Amino acid sequence: MKQIKTLLIAAILVLGASQTINAQAKVAHVEVSEIMTKMPAMLDAQKQLEKLSATYDADYKKMAEEFKAKLALYDKEAATVTEAVNAERQKEVQDMQKRIQDFGQNAQKELQQKQEDITKPIYEKVRASIQKVAKAKGFQYILDGSAGGALLLADGPNLTADVKKDLGF
């Protein structure tokens, strides 16, 4: 009787251990940054952002050149005009300098907002594709294997190629 009881306990332990092993989650990793940087939609978005940035840079340089020219002219004429004119010109120069600084700050904010607006739908598309591929292959967890990601060991399956295929590139 004691042997049957021992065998029964051993069988329960073996079954319990096998259930624990079967219950372990399947984990894979994906190189999200690789997908994002090579995705055609992202390459187009980067071109748009570079074009917008170049436009802002050109406008900023033009404003700065006008500022320098006006400052040089006012410095040259400072001795020949009245004190009231010089005070007015100094205020004009300060206002112009503030407009240039405000333009630079606003351009940077607009560029960041545009980048977010353009990249968010692309990232959501990549995320949906990762979920689709993971679900099709039976994975419960997908880690980001990109540099700086939380992946410490990349010995498991890499689904990057499958996600690229799903996205069509």
Side-chain angles (χ1 to χ4, degrees), residues 1-65 67 96-169:
M1 196 61 158
K2 197 169 192 173
Q3 287 179 330
I4 294 175
K5 190 175 181 183
T6 305
L7 285 174
L8 185 60
I9 291 174
I12 290 173
L13 288 174
V14 169
L15 285 174
S18 69
Q19 289 297 336
T20 303
I21 291 170
N22 288 337
Q24 288 181 345
K26 289 180 70 178
V27 180
H29 65 278
V30 175
E31 305 283 338
V32 176
S33 64
E34 179 183 338
I35 293 169
M36 291 290 287
T37 57
K38 294 181 180 175
M39 191 170 177
M42 190 62 162
L43 296 174
D44 291 341
Q46 286 175 337
K47 287 178 186 173
Q48 287 178 7
L49 290 170
E50 287 170 2
K51 185 177 179 181
L52 183 61
S53 179
T55 302
Y56 284 142
D57 284 346
D59 291 345
Y60 186 83
K61 286 178 183 176
K62 182 179 177 184
M63 292 173 77
E65 287 173 8
F67 175 76
M96 192 175 201
Q97 190 174 20
K98 176 142 175 46
R99 280 195 313 268
I100 292 171
Q101 287 174 344
D102 290 345
F103 176 81
Q105 291 172 352
N106 289 336
Q108 188 174 9
K109 286 179 187 175
E110 287 176 21
L111 260 170
Q112 287 174 344
Q113 185 61 47
K114 182 74 170 176
Q115 182 177 10
E116 287 178 30
D117 293 346
I118 289 175
T119 58
K120 186 176 180 181
I122 297 169
Y123 179 76
E124 291 300 322
K125 185 176 180 179
V126 169
R127 187 172 180 267
S129 179
I130 291 170
Q131 288 176 338
K132 178 181 170 185
V133 169
K135 197 171 270 192
K137 295 201 175 248
F139 290 100
Q140 289 93 3
Y141 297 98
I142 303 295
L143 302 174
D144 185 1
S146 303
L151 186 60
L152 299 176
L153 175 66
D155 231 4
N158 185 347
L159 301 180
T160 304
D162 296 321
V163 173
K164 285 181 177 179
K165 184 177 178 183
D166 183 62
L167 289 169
F169 73 97

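Every value quoted in this text rests on a predicted model; they were computed, and no experiment measured them. We count residues from 1, following the sequence as given.
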Give the intermediate values and the outcome of side chain to side chain contact (heavy atoms under 4.5 Å, CB included) for residues Val30 and Val126. CA-CA 11 Å; Val30 175; Val126 169; over 6 Å; no
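- Between Ser129 atom OG and Lys165 atom NZ the span is 12.0 Å, to the nearest 0.5 Å.
- The structure places CD1 of Ile122 at 6.5 Å from CE of Met39, a figure rounded to the nearest 0.5 Å.
- Pairs engaging residues 37-46 under the side chain to side chain donor-acceptor pair (under 3.5 Å) rule: none recorded [sequence neighbours left out].
- Of the inter-residue distances, the one linking Glu65 atom CD with Tyr60 atom OH reads 12.0 Å to the nearest 0.5 angstrom.
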Please lay out, stage by stage, how Glu34 and Lys164 fare under the test side chain to side chain contact (heavy atoms under 4.5 Å, CB included). CA-CA 10 Å; Glu34 179 183 338; Lys164 285 181 177 179; 2.7 Å; yes
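- When all heavy atoms are compared, the tightest approach of Met63 to Ile100 is O-CD1, 3.6 Å.
- Once rounded to the nearest 0.5 Å, the distance linking CD of Gln48 with NZ of Lys51 reads 8.5 Å.
- Remark: Tyr141 OH is loosely packed, at most 12 non-hydrogen atoms of other residues, nucleotides or ligands lying under 6.0 Å away.
- Between Ala134 and Leu159 the shortest heavy-atom distance is CA-CD1, 4.3 Å.
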Ile35 vs Phe169, test: side chain to side chain contact (heavy atoms under 4.5 Å, CB included). Steps then yes/no. CA-CA 9 Å; Ile35 293 169; Phe169 73 97; 4.0 Å; yes
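- Of the inter-residue distances, the one linking Gln108 atom CD with Gln105 atom CD reads 8.0 Å to the nearest 0.5 angstrom.
- Note that OG1 of Thr55 and CD of Glu50 are 12.0 Å apart. Values are rounded to the nearest 0.5 Å.
- For the residue pair Thr160 and Glu31, the shortest heavy atom distance occurs at OG1-N, 2.8 Å.
- Among pairs with a residue in residues 108-136, those fulfilling salt bridge (charged side-chain N to carboxylate O under 4.0 Å, His left out) read Lys132-Asp166, at least two apart in sequence or across chains.
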Check against side chain to side chain contact (heavy atoms under 4.5 Å, CB included), Leu111 and Leu52: CA-CA 8 Å; Leu111 260 170; Leu52 183 61; 4.1 Å; yes
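- More than 12 heavy atoms of other residues, nucleotides or ligands sit less than 6.0 Å from atom OH of Tyr56.
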